[in-house]
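Following: one structure in structure tokens, then a few remarks.
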Amino acid sequence: MSWDRVRDIVVTHHHPDHYGLAGWLQARCECKVWMSERAYAEAALMWGQTASMNKVLPLYFAGHGMPEHLTSGIREHLESFEPQVTPQPDVSYINPAEPFRMGSREWLPLVSGGHAPGHVSFYHGESGQMLCGDAVLPQISPNVSLLPGSDPQPLRTFLQGLQELRSYTVSMAFPGHREPFSDFAGRIDSLLLHHEERLETAERLLASGPLSAFAACEALFRSRVTTVHQLRFAMSETLAHLVELVRRERAIVTELGGFIVFAAASKSDISMD
Ligand SMILES: [Zn+2]
Ligand SMILES: [Zn+2]
């Protein structure tokens with residue numbers, strides 16, 4: 001396929017493994033790059049001209065108990081993405097209120113968040129085909145991250161998005177990772193269940209005393225985290241679960257020894273509100 005045959009590039013969300021080469025390709029194809037306005041705002045938050053996530057996130061993690069020898073690695077890790085997203089594309093916004101034409105088909109854009117703000121899936125009702133990006137993945141659970149300056153309740157947003165996506169009749173789903181799969185509703189149900197179970201596990205951890213998010217992260221992910229990349233995902237996902245517990249009044253957030261910590265919500269805490 002030659003460059004001049006590429007007319008449009010459609011990006012489901014801002015993560016570098018999806019958005020990363022869009023600008024590089026656009027320079028060769030002179031085509032449009034489409035994404036949602038919210039997704040592009042998130043790209044700007046992570047990698048825009050004035051972005052400071054490489055400095056803000058290590059401080060944020062430090063406030064949540066992560067020791068310095070690990071936070072310094074987070075900064076380098078975030079900076080390592082820069083070449084992957086450079087040059088950045090000129091973006092046209094997908095209008096979620098209108099069908100989006102790709103090839104001979106009109107697709108319904110479905111915006112959901114949680115894994116990535118402004119993530120767009122595309123649904124073709126006649127065939128029941130769903131291009132679901134990373135909103136729903138087979139075998140692996142899409143990462144849900146709490147990041148400073150982004151969605152303050154990403155797990156709630158993610159669960160709401162799953163409920164909405166579940167209302168479409170899907171014959172085949174085409175995910176951003178792994179193979180196409182047919183049991184879209186079943187996969188969503190198991191993701192919903194997975195997060196309820198993880199919330200219960202996090203809540204049980206707090207029963208033995210207040211914990212920083214880093215201590216909770218170690219307890220939840222200990223043996224599975226071997227790289228900085230995994231550590232960042234594990235820490236942000238732990239935070240997403242902890243703030244959801246707080247939102248549901250099953251935990252409280254407080255301060256202890258200079259760190260932000262999460263504690264079990266006792267009955268009296270709730271009745272005092
Ligand atoms: Zn992603
Ligand atoms: Zn991805």
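All ligand and atom numbering here is 1-based and tracks the order in the structure. Keep in mind that what you see is a predicted model, and the values were worked out from it rather than measured.
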Can you count the protein N, O or S atoms that lie less than 2.8 Å from the Zn ion (ligand 1)? 4
Locate the shortest heavy-atom distance separating Ala216 from Thr238; write the atom from each residue and the value. CB-CG2, 3.8 Å
Name the orientation class of the two ring planes belonging to Trp24 and Trp3 (parallel below 30°, tilted from 30 to 60°, perpendicular beyond 60°). perpendicular
Do the side chains of [Y] and [X] get nearer than 4.5 Å, heavy atoms only?
X      : Y      : value
Val91  : Val11  : no
Leu165 : Phe184 : yes
His119 : Ser112 : yes

Indicate whether the side chain of Ser72 and that of Arg75 have a donor and an acceptor atom separated by less than 3.5 Å. no
